[in-house]
Student: 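Would you mind keeping the following structure in view while I ask a few things?
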Amino acid sequence: MQQFNGNKKDIEFRKITEFPRGTLAALLKDGYSFEPEFERNWHKKWKEFDDFFYDNPHIAEFSGFMTVLGGTPIGFVSWNPTNLPESTEVGHNCILTRYKGNGYGKRQMCEAVQRMIAQGAKKIVVWTNEICVPAQHTYECAGFQFVKKSEETFSKYAGQRIHYEIIVK
């Protein structure tokens with residue numbers, strides 16, 4: 001468990017399984033609430049993701065964490081370690097709407113990058129969509145470099161995929 005001190009309120013990074021089942025799905029629902037189509041199309045997948053992490057706590061502890069403020073989970077990040085050490089891919093990454101714009105997402109992603117590097121990742125990849133402008137800013141602030149935009153779209157409402165990476169030296 002790590003804490004940050006400074007101008008912002010202190011946050012901690014804690015194990016996902018310290019919080020009740022359903023927390024991940026609820027955070028995703030809120031984090032993507034700016035576009036209702038996300039929930040309509042992805043609610044079932046978010047629940048399956050949540051169930052997977054709670055059914056496999058050893059995976060949850062190795063490839064994700066919860067960002068906590070004052071004992072309350074305000075976000076989380078996960079990654080897929082299947083291709084380590086060659087690469088790892090950021091999976092879900094979100095911050096509750098009311099906490100966006102305060103630097104928590106950047107701090108969360110920087111912590112995740114440090115953990116992935118500590119696990120031996122030589123390359124860290126992530127993608128987002130055109131509609132998710134704050135996510136683009138978060139990834140760039142955390143050291144990711146723009147790679148490309150792809151014509152493949154996540155969905156009609158989300159726009160093109162934007163790919164980023166960090167090459168670990």
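In what follows, every heavy atom counts, from backbone to side chain, and hydrogens, waters and symmetry copies are set aside. A quick note: this is a predicted structure, and the numbers were derived from the prediction, not measured.
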Student: How many angstroms lie between atom CD of Glu130 and atom CD1 of Ile162, to the nearest 0.5 angstrom?
Tutor: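 Reported value, rounded in 0.5 Å steps: 5.5 Å.
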
Student: Does Gly31 offer a backbone N or O that forms a donor-acceptor pair with the side chain of Lys100 under 3.5 Å?
Tutor: yes

Student: Under the side chain to side chain contact (heavy atoms under 4.5 Å, CB included) rule, collect the residues that match up with Lys123, sequence neighbours excluded.
Tutor: Ser87, Val125, Glu165, Ile167

Student: With hydrophobic residues grouped by side-chain heavy-atom distances under 4.5 Å, do Phe62 and Val90 end up in a single group?
Tutor: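 No.
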
Student: Who are the side chain to side chain contact (heavy atoms under 4.5 Å, CB included) partners of Asn56, not counting sequence neighbours?
Tutor: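 Only Phe52, His58, Ile59 meet the side chain to side chain contact (heavy atoms under 4.5 Å, CB included) criterion with Asn56.
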
Student: Do Val133 and Trp127 sit in the same hydrophobic cluster, where Ile, Leu, Val, Met, Phe, Trp and Tyr count as joined when their side-chain heavy atoms come under 4.5 Å apart?
Tutor: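 No, Val133 and Trp127 fall in different hydrophobic clusters.
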
Student: Hey, any chance Leu69 and Phe19 share a hydrophobic cluster, counting ILVMFWY side chains that come within less than 4.5 Å of each other, even indirectly?
Tutor: yes

Student: Indicate the atoms forming the closest heavy-atom contact of Pro81 with Ser63, along with that distance.
Tutor: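 Reported closest heavy-atom pair: CD-CB, 3.8 Å.
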
Student: For residues Phe146 and Gln136, determine if any side-chain heavy atom of one lies less than 4.5 Å from a side-chain heavy atom of the other.
Tutor: no

Student: Could you go step by step and tell me if Leu84 and Met116 meet the side chain to side chain contact (heavy atoms under 4.5 Å, CB included) rule?
Tutor: CA-CA 9 Å; Leu84 284 171; Met116 288 180 260; over 6 Å; no

Student: Going by the rule side chain to side chain contact (heavy atoms under 4.5 Å, CB included), which residues pair with Asn80 if we only count those two or more places apart in sequence or in a different chain?
Tutor: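 For Asn80, the residues satisfying side chain to side chain contact (heavy atoms under 4.5 Å, CB included) (neighbours in sequence not counted) are Thr82.
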
Student: Do the side chain of Glu61 and the main chain of Thr17 share a donor and acceptor less than 3.5 angstrom apart?
Tutor: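 Pair absent, no side-chain N/O of Glu61 close to backbone of Thr17.
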
Student: Does a side-chain heavy-atom distance below 4.5 Å link Met66 with Thr23?
Tutor: yes

Student: Over all heavy atoms of both residues, which pair between Val77 and Ala112 is shortest? Give the atoms and the distance, please.
Tutor: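 That closest heavy-atom pairing would be CG1-CB, 3.6 Å.
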
Student: Does some side-chain heavy atom of Asn93 sit less than 4.5 Å from a side-chain heavy atom of Trp79?
Tutor: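 Side chain of Trp79 against side chain of Asn93, heavy atoms only: no contact under 4.5 Å found.
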
Student: So, taking the atom named CG in Asn129 and the one named CZ in Arg161, what distance separates them when rounded to the nearest 0.5 Å?
Tutor: 7.0 Å

Student: Let me see the working for Arg107 and Glu111 under salt bridge (charged side-chain N to carboxylate O under 4.0 Å, His left out), right down to the final yes or no.
Tutor: CA-CA 6 Å; Arg107 289 165 58 189; Glu111 175 70 15; over 6 Å; no

Student: Could I get the full list of salt bridge (Lys or Arg N to Asp or Glu O under 4.0 Å) partners for Lys29, not counting sequence neighbours?
Tutor: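 Lys29 satisfies salt bridge (Lys or Arg N to Asp or Glu O under 4.0 Å) with Glu39 once adjacent residues are dropped.
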
Student: Residues two or more places apart in sequence or in another chain: which of them pass side chain to side chain donor-acceptor pair (under 3.5 Å) with Glu48?
Tutor: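 Applying side chain to side chain donor-acceptor pair (under 3.5 Å) to Glu48 gives none.
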
Student: For the OG1 atom of Thr88 and the CD1 atom of Ile117, what is their distance to the nearest 0.5 Å?
Tutor: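 Atom-to-atom, Thr88:OG1 and Ile117:CD1 are 11.0 Å apart.
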
Student: Kindly compute the distance separating CG (Asp50) from CD1 (Ile16), expressed to the nearest 0.5 Å.
Tutor: 9.0 Å

Student: If you define the side chain from C-beta out and look only at heavy atoms, does anything of Ser78 sit under 4.5 Å from Phe49?
Tutor: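 When only atoms from C-beta onward are counted, Phe49 and Ser78 do touch, with a gap below 4.5 Å.
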
Student: Just jot down the ring pair (Phe, Tyr, Trp, His ring centres under 6.0 Å) partners of Phe144, sequence neighbours excluded, or say none.
Tutor: Tyr139

Student: Testing Leu96, Ile74, Leu27, Thr72 for side-chain contact (heavy atoms from CB on, under 4.5 Å) with Thr67, which one passes?
Tutor: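 Among Leu96, Ile74, Leu27, Thr72, the one that satisfies the side-chain contact (heavy atoms from CB on, under 4.5 Å) with Thr67 is Ile74.
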
Student: If you measure from CE on Met109 to CD1 on Ile95, what distance do you get to the nearest 0.5 Å?
Tutor: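 Spacing of CE (Met109) from CD1 (Ile95) equals 9.0 Å.
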
Student: Return the CZ to CZ distance between Phe53 and Phe76, rounded to the nearest 0.5 Å.
Tutor: 7.5 Å

Student: Atom CD of residue position Gln145 - does it have more than 12 heavy atoms of other residues, nucleotides or ligands inside 6.0 Å?
Tutor: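 Open.
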
